[in-house]
Each structure stands twice: as C-alpha cells, then as structure tokens.
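Position 1 is the first residue of the sequence, and the numbers go up from there. In this text the structure is predicted, and so the values were computed from the model without any measurement.
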Amino acid sequence: MIFDKILSFLFGIKKSKFEITKKELESIDNPTINKEDSQEENTINVDTTPFFKGSFSALSDTIFKEATEKFKINRYNYWAPKFTSLKSYKFLSEQQVSFKRDFLYWITNEIINLETAPEASVHKLKSQYLNEILNLLLRFNLHFKENDFKYFMNLWVEYPTYVTIGSITSRLRAKSERDGISEEFYNYLKIFLKSPRFNNHFYSYYKTARNTIQKILHTYTNDKEENHPLFLLVSDPFADYINKFLKNSNQKEQDAYCIIFKTFETNKEFYNPFKLLVLVQKHIDVIGENVYKRQIIEFIKKASIFKPKMSNLRVEKVTYNSGLEVQYNCQYIKKENISILKSMILSLATFNNKKSLIPHLLKIINRSFSNAKALRLGETSQSLGKLCIYTLAFQYDQKGKEELNKLYQETTYKGIKNEILKYSKILEESNGIGLI
C-alpha cells in the first residue's frame with residue numbers, strides 16, 4: 001500500500017515488501033502534483049474503507065512510538081509533548097484536509113473504544129496521546145460542515161475532558177462569519193446552550209465558548225422578518241435592554257447603531273476618542289449627533305445603576321475547609337459588552353454639553369473597583385472605571401477635574417486613588433496644575 005511505503009520511506013517502518021517507486025517519490029517531494037482543490041469534499045469513509053483504517057492505525061502508532069521514545073513518556077510521567085517537533089506528526093499535518101478530517105474521526109472512535117473497554121485503565125497513556133492529537137487537529141481548518149460541528153459538540157457534552165470546546169467554537173464562529181448558519185443549526189445551537197456543561201460551574205473558559213455561540217446566534221443570523229443582518233449584544237441583563245432598543249428602532253437607525261456597536265466591540269483605541277470617531281462618525285451622522293448623544297447617555301446611565309441578576313441556577317462546589325459550599329450564579333455585564341460600554345463612553349468624550357454624564361461616570365468608577373457582588377459590573381469592569389477616570393481628567397474640562405479631586409478625598413479604594421494620582425502627575429507635568 002502507498003501509505004505503508006511512505007511510512008517506510010520516512011521512518012524506516014517495514015510494513016510493506018514493495019519498494020517506493022520513482023513516480024511516488026516525486027509525488028512526495030512535490031505535493032502540488034495532483035493537489036486537490038482547497039475546498040475539497042470529504043470523500044473518505046473511515047467506516048467502510050479498510051485501506052484508510054489500516055493507514056490511520058499505522059500512522060497513529062508511528063506518532064505514538066516516536067513521542068514516547070523522544071520525550072520519555074510513560075503512564076506515570078505524562079505531559080503534552082511537542083508533537084509538532086515530530087517527523088511523523090509533521091507528515092500528518094501536511095496531508096490534505098480530507099485525510100486529516102477523517103483521521104480526526106478515526107481518533108474519536110479509538111478514544112471511545114478505549115474508554116469503554118473493560119481494561120480502560122491499561123490504555124490510559126494511549127488515550128491521553130489520542131486526546132492530544134485530537135485537539136491538535138481541531139486547530140486546523142478542516143472545512144467542517146454543520147454536521148461535523150454537531151458531532152464534535154455532542155462529543156464534548158459526552159466527554160468534556162477529551163475535546164477542547166474553544167477550538168470548536170472559534171472555528172464555528174469563523175465559518176458562520178463566512179457562510180452563515182442554517183435555521184436547523186440555529187435551533188441546534190439554542191438547545192446546545194442549555195447544556196449543563198455550560199451552566200453548572202464558573203470556568204471562564206467555558207463561559208468564553210458560551211459567549212461565542214451566543215454571538216453567532218445574535219450577530220451572524222439573519223433577522224427572519226426584515227431579512228437584514230442584525231448585530232445584537234451577547235445576552236446579559238444590560239445587553240438585553242440595548243437589544244430591545246435595537247429591535248424596536250427604525251431600519252435606518254438600526255443599521256447605523258449595529259455598525260457602531262460592532263465597531264465598538266473590537267475597538268482597541270480606548271484612550272483615543274478621535275481615532276474612534278473616525279471609524280463611526282459617518283454612522284453617528286446618520287442618526288444625528290444630538291439623538292446619538294442622548295441615547296448613549298441613557299445606555300451609560302442604565303449601566304451605572306445596573307443590578308446583577310441572580311440566576312436560579314444553584315452551583316455546589318467542595319471547599320477544603322468547610323466541605324460543601326452552595327453558590328448562586330450572578331449574571332454580570334459580559335466582557336464583550338464592557339468593551340462596547342467603554343467605547344460608548346469614549347465616543348462622547350469629544351462632544352459638547354455632556355456634563356450631565358458626569359454623575360453616571362462617577363457611579364461606574366466606584367462600582368468598577370468594588371468587590372461586592374451586588375455592586376460589581378463584570379469581569380473586566382476595572383478597566384472601565386480607569387477609562388472613566390481618564391475621560392474625566394482630560395475631556396470634561398474643569399468640572400471633571402474637580403469631581404476627580406472630590407472623589408480622591410472621599411474614596412476608600414486604593415485603586416481609584418492610584419489612578420487619579422497617575423493622571424494628576426501627567427497633568428502637572430504638562431501644564432503645572434494637577435488634580436490633587
């Protein structure tokens with residue numbers, strides 16, 4: 001078999017009595033020969049093609065053998081070796097998409113077979129190895145279709161320790177941006193989000209995957225009534241208020257706000273309001289500056305009085321000192337929406353007649369540095385408070401500076417004091433007058 005010949009040629013594995021031919025050697029040296037289209041279909045069926053079954057097994061054994069020999073792995077001393085440094089793994093990584101995709105399916109079947117075998121513990125090292133290869137392959141763009149995503153997402157629900165859900169959801173988001181998703185898959189994702197795997201713990205990594213799926217549902221799905229792409233914020237109690245506003249806006253304003261908020265979500269110019277305005281000014285003009293300012297102030301006010309929603313979900317975890325501890329999951333503003341809120345605040349920094357916003361910014365500053373569950377805004381809210389201090393120091397004239405001086409005298413939060421002192425020194429160096 002040609003695969004055995006390649007293994008023999010590369011690694012000295014004598015699985016075939018045939019010598020590799022000159023034509024086959026040219027094919028190896030020049031992979032562009034007879035290269036299939038990059039969007040090739042999956043034409044190999046691992047369940048019905050013995051040739052590929054045997055090839056997958058031989059390749060897997062070769063990678064496993066090279067890894068155990070090179071990295072001195074055993075069942076009591078296992079860590080993730082650098083498979084990318086192995087010749088055998090490099091050979092796998094250079095294969096066509098259809099081969100890698102089918103090899104991935106073959107691996108999942110092998111893992112399940114090993115885990116369900118009566119002597120599963122004996123195969124622990126092999127299972128760990130297969131698990132590493134599985135997740136490495138998931139990082140490739142394997143041109144997954146919706147059924148492929150379903151398979152591996154369901155696999156994660158069943159075997160969460162084997163599959164890296166983040167790799168799957170990041171690929172899914174890229175596909176949805178490019179191709180959209182079907183109504184059937186849209187309904188599947190909504191059901192998938194209800195999986196207990198997402199909802200019975202506080203692992204931030206899983207929260208990121210959950211947020212990615214929510215973003216896919218909200219952003220890359222056509223609104224069925226208007227047949228128009230609608231950008232909605234990732235769902236949380238604060239975002240739901242804004243999403244309701246967007247859905248009820250007229251088409252012209254809805255289009256403008258959606259583009260603005262989508263820009264806000266990925267904005268990295270948090271300390272440069274002028275660069276931000278260059279990106280969104282024409283869309284603000286569509287809405288009208290006064291209308292935009294009034295509405296954004298309302299959103300910021302809503303954030304300043306935001307109340308974290310207590311979920312009905314009961315979460316139990318074992319602690320070392322007190323045994324079983326019962327917690328309840330608070331729904332704060334998600335980090336994607338914190339980013340949008342920061343850009344909202346920054347976008348108003350260069351506007352005139354914005355002093356009515358100052359009390360709301362002061363509330364946000366105090367809440368952003370608080371550890372109290374009832375006051376916290378979200379995971380990355382401290383960066384939000386720092387931005388508010390910056391804008392008050394540099395964009396709100398004397399009134400903003402006076403309020404920061406007053407806040408410095410009254411606050412008990414060291415983080416707030418340090419941030420105000422930082423900008424006070426900058427101002428003092430530039431014009432001789434600080435904040436304190």
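Annotation: N353, atom CG; neighbour count of heavy atoms from other residues, nucleotides and ligands within 6.0 Å does not exceed 12. By the neighbour-count criterion of 12 heavy atoms within 6.0 Å, atom CG of N371 is sparsely surrounded, having that number or fewer from other residues, nucleotides or ligands. Under a cut-off of 6.0 angstrom, the local environment of NZ in K335 is sparse, with at most 12 non-hydrogen atoms contributed by other residues, nucleotides or ligands. The number of heavy-atom neighbours closer than 6.0 Å to NZ of K100, taken from other residues, nucleotides and ligands shown, is above 12. Few gaps surround CD1 on I305; more than 12 heavy atoms of other groups in view lie less than 6.0 Å from it.
Using a 30° and 60° split on the angle between ring planes, Y188 and F185 fall in the parallel class, below 30°. The aromatic rings of W106 and F103 lie parallel to each other, with less than 30° between the two planes, well short of the 60° mark.
Using modelled atom types and a 3.5 Å distance limit, the side chains of Q251 and D255 yield a donor-acceptor pair. Remark: the Y408 side chain and the S424 side chain contain no N/O donor-acceptor pair separated by less than 3.5 Å. Between the side chains of Q382 and S368, no donor N or O sits under 3.5 Å from an acceptor N or O. Under the 3.5 Å distance criterion, with hydrogens and angles disregarded, no donor-acceptor pair is assigned to the side chains of K417 and T411. Between the side chains of N131 and N135, at least one donor N or O sits under 3.5 Å from an acceptor N or O. A donor atom on one side chain and an acceptor atom on the other are found under 3.5 Å apart for S347 and Y292. Remark: the T350 side chain and the Q395 side chain contain no N/O donor-acceptor pair separated by less than 3.5 Å. Side-chain contact, D285 with Q281: a donor N or O sits under 3.5 Å from an acceptor N or O.
Separation of atoms CG (L86) and NZ (K90) is listed at 12.0 Å; rounding is to 0.5 Å. We find the OG1-NZ distance between T380 and K342 to be 6.0 Å, quoted to the nearest 0.5 Å.
In terms of modelled atom types and a separation under 3.5 Å, the side chain of S60 and the main chain of S57 share no donor-acceptor contact. In this structure, Y390 contributes its side chain and Y271 its backbone to a donor-acceptor pair below 3.5 Å. Between the K302 side chain and the Y241 main chain, no donor and acceptor come within less than 3.5 Å of each other. Using a distance-only test at 3.5 Å, with no hydrogens or angles considered, no donor-acceptor pair links the side chain of K401 to the main chain of L435. A distance-only check finds no donor-acceptor pair linking the side chain of R139 to the backbone of S167 [under 3.5 Å]. Judged by distance alone, the side chain of E132 and the main-chain N or O of Q128 form no donor-acceptor pair under 3.5 Å. K293 places no side-chain N or O within donor-acceptor distance of the main-chain N or O of N290, the cut-off being under 3.5 Å. Distance alone, capped at 3.5 Å, places no donor-acceptor pair between the S343 side chain and the I340 backbone. Judged purely by atom type and a 3.5 angstrom limit, S370 has no side-chain atom pairing as donor or acceptor with the backbone of L375. A donor-acceptor pair is defined here as one N or O able to donate and one able to accept, closer than 3.5 Å; no such pair exists between the side chain of E336 and the backbone of E265.
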Take S170 and T212 through the side chain to side chain contact (heavy atoms under 4.5 Å, CB included) test and state the conclusion after the steps.
-> CA-CA 7 Å; S170 62; T212 299; 6.0 Å; no

Can L217 and L193 be said to form a side chain to side chain contact (heavy atoms under 4.5 Å, CB included), step by step?
-> CA-CA 10 Å; L217 291 174; L193 281 179; 3.6 Å; yes

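Contact check for I63 versus F91: no side-chain heavy atoms found under the 4.5 Å cut-off. Within the 4.5 Å cutoff, the side chain of F56 has heavy atoms near those of the D102 side chain. For the pair L138/L104, a side-chain contact is recorded, criterion being any heavy-atom separation below 4.5 Å from C-beta on. The shortest distance between side-chain heavy atoms of P359 and K363 does not fall below 4.5 Å. Within the 4.5 Å cutoff, the side chain of L392 has heavy atoms near those of the I358 side chain. Taking 4.5 Å as the limit, every side-chain heavy atom of E253 sits out of range of all side-chain heavy atoms of V286. A heavy-atom distance below 4.5 Å is found between the side chains of Y423 and I389. I365 has its side chain out of reach of Y413: every pair of non-hydrogen atoms, C-beta onward, lies at least 4.5 Å apart.
Judged by the 6.0 Å distance and 45° axis criteria, K355 is not positioned over the aromatic ring of Y396.
Annotation: Y105 is in aromatic contact with F152 [ring centroid separation under 6.0 Å]. Aromatic pair F245/F299: ring centres closer than 6.0 Å.
Heavy-atom minimum distance, C388 versus I364: SG-CG2, 3.8 Å. Taking both residues in full, the closest heavy atoms of F149 and I168 are given as CE2-O, 3.7 Å, listed atom of the first, atom of the second, then distance. Scanning all heavy atoms of the two residues, the minimum distance from H283 to A256 falls at O-CB, 3.6 Å. Between N243 and L233, the closest heavy-atom pair is OD1-N, 2.8 Å. Nearest heavy-atom pair, G180 versus E146, reported as atom, atom and distance to 0.1 Å: O-OE2, 4.5 Å. Closest approach of D236 to I333, counting heavy atoms only: OD2-CA, 3.5 Å.
With sequence neighbours left out, K275 forms a side-chain contact (heavy atoms from CB on, under 4.5 Å) with E269, N272. In this structure F238 satisfies the ring pair (Phe, Tyr, Trp, His ring centres under 6.0 Å) test with no other residue, sequence neighbours excluded.
Between K399 and E403 there is a salt bridge, since at least one side-chain N of the basic residue sits less than 4.0 Å from a carboxylate O of the acidic one. Under the 4.0 Å criterion applied to side-chain N and carboxylate O atoms, E184 and K150 are assigned as salt-bridge partners.
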